[in-house]
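Predicted model, so just to flag it, every value in this text is computed and none were measured. Letters A, B, ... mirror the listed sequences (proteins, then strands); counts begin at 1. Atom set for the values below is all heavy atoms of this structure, side chains included, hydrogens, waters and symmetry mates excluded.
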There are 2 protein chains.
Amino acid sequence: MRIGQLAQLVGVETQTIRFYEQQGLLPPPDRQDNGYRVYTEKHGEGLAFIRRCRILGLSLAEIHELQSYQDDPHQSCTAVNALLDDHISHVRSQITALQALEKQLVSLRASCNDDREVEACGILAGISEGNMHQQ
Amino acid sequence: MRIGQLAQLVGVETQTIRFYEQQGLLPPPDRQDNGYRVYTEKHGEGLAFIRRCRILGLSLAEIHELQSYQDDPHQSCTAVNALLDDHISHVRSQITALQALEKQLVSLRASCNDDREVEACGILAGISEGNMHQQ
DNA sequence: TTAAAACTATAAAGCTACTATAAGGTCAAT
DNA sequence: ATTGACCTTATAGTAGCTTTATAGTTTTAA
C-alpha cells in the first residue's frame, strides 16, 4: 500500500503520515525502487491508534509513552492508568476554566445591548476599565 | 517610563511588549538617544487592554479588530457585540467538546482497573480496537 | 507516442502567542 | 575599571501539523 492509499484509509493527509514517521511515532516503512514508501496493515493499525489517541486529546509525547508500554506487554499497566487519570484531570480543569471564562464573557456581553456608538459601548468600556473580577 | 517599568506595571515580560509592538498591537514608542524605548501612560493603558483581552481568550487578530473600532468611536458598536457573541459561542462549543471527551475518557478508564499486564490492559485495548463511539 | 494529470519525494517555511537564547551596547555604583 | 542591572536586535524553540516550493514518477487520455 502506498502513502496515498494509507492516508485515505485512515482519513489523514499524506504529509501527516510523513510527519508522524519523522517524529518517531510511525516506523519507517520499506521503500520501492523509486523511493516510494510501502505500507503494511500493521502501519495502518499503528496510524489508526495514533489518530484515536489524538482524538482523545493526547499529546504526541503521551502517545509515544503509550507505544513504549505496548512494546513491553508483560509489565503492569498501572502507568497506562495513571497517564489516563492525569489526562482526565487535565481535561476537567480545562472545562472548569472555560466555564468561568464563559460566565465572565456573558456578563461582559450583557453590559452592552447593541447599537450604541463605540464610544459608549459597554463591552469596550468593561475591558478598558478592567472591571473583570478575576480568578 | 522604560520598558522594564512598564512590564512590571502591567505584569508581562519585556519581550512580550516588544512582540506586541512588532505585531502592530502596541504603537512604537519614542526612543531615547541611546535607543531605549520611552513609554507614556497611554501605552500602559493599551497594554493593559491587550492583556485583559488575552485573559478573555481573544486572539491577537480579534484584539486588533477591537482596536480598529476604538479608533473610530462614532460608528455603531454592533460589530463589537458580534465579535463577543462569536467568541462566546466558540467557548461554549469548546466546553461541549471537552465534556464529551471527558465522558469518553472516563468510560475508557473504567475499562481497566489497575495492575493488569499491559497485554490485557482495557485502556490500550479500547483505543486499539477503536470502540470509541465517536461524535 | 506523447502530453497531461495524479502521485510521490524532500526540504523549508508558516501558523499562534509567546519564551528563551545569544551577543552586544548603556548606565550607575563601587 | 569593573560589576551588575538594564537595554538593544536577531534568531530559534514550543505543538502539531499545514502549506509551499521544487522535482521526480506513474498512470491515464488523446
Self-check item: Angle between terminal axes - the helix from C/dT1-D/dA30 to C/dT30-D/dA1, 5 pairs each end, rounded to 10°
Solution: 30°
Quiz prompt | All side chain to side chain contact (heavy atoms under 4.5 Å, CB included) counterparts of A/D115, not counting sequence neighbours | solution = B/S76, B/T78
Quiz item: Is it true that a side-chain atom of B/Q5 and a backbone atom of B/R2 form a donor plus acceptor pair closer than 3.5 Å?
Solution: yes
Practice problem: Indicate for each nucleotide in nucleotides 1-17 of chain D, in 5' to 3' sequence, whether protein heavy atoms under 4.0 Å reach the base (B), only the sugar-phosphate (S), or nothing (-). | Solution: -----BSBB------BB
Practice problem: Indicate yes or no for a side-chain donor-acceptor contact from B/R109 to the backbone of B/C112 under 3.5 Å, with no hydrogens or angles considered. | Solution: yes
Practice problem: Taking the side chain as every heavy atom from C-beta outward, state whether A/I17 and A/R37 have any pair of such atoms under 4.5 Å apart. | Solution: no
Self-check item: Polar side-chain atom of B/R52 near backbone of A/S128 as donor-acceptor pair, under 3.5 Å
Solution: yes
Practice problem: Give a yes or no answer on whether the side chain of B/E102 reaches the backbone of A/V91 with a donor-acceptor pair at less than 3.5 Å. | Solution: no
Quiz item: Taking any atom under 4.0 angstrom from a heavy atom of chain B, which nucleotides of DNA chain C are the first and last to qualify, 5' to 3'?
Solution: C/dA17 to C/dC27
Quiz item: With sequence neighbours left out, which residue pairs that include part of residues 65-119 of chain B fulfil the ring-ring contact (aromatic ring centres under 6.0 Å, His included) condition?
Solution: none
Quiz item: Mind checking what makes side chain to side chain contact (heavy atoms under 4.5 Å, CB included) contact with B/D71, not counting sequence neighbours?
Solution: none
Quiz prompt | Flag, side chain of B/R54 to backbone of B/G57, donor-acceptor distance under 3.5 Å | solution = no
Quiz prompt | Check: A/Q104 side chain, B/L56 main-chain N or O, donor-acceptor pair, under 3.5 Å | solution = no
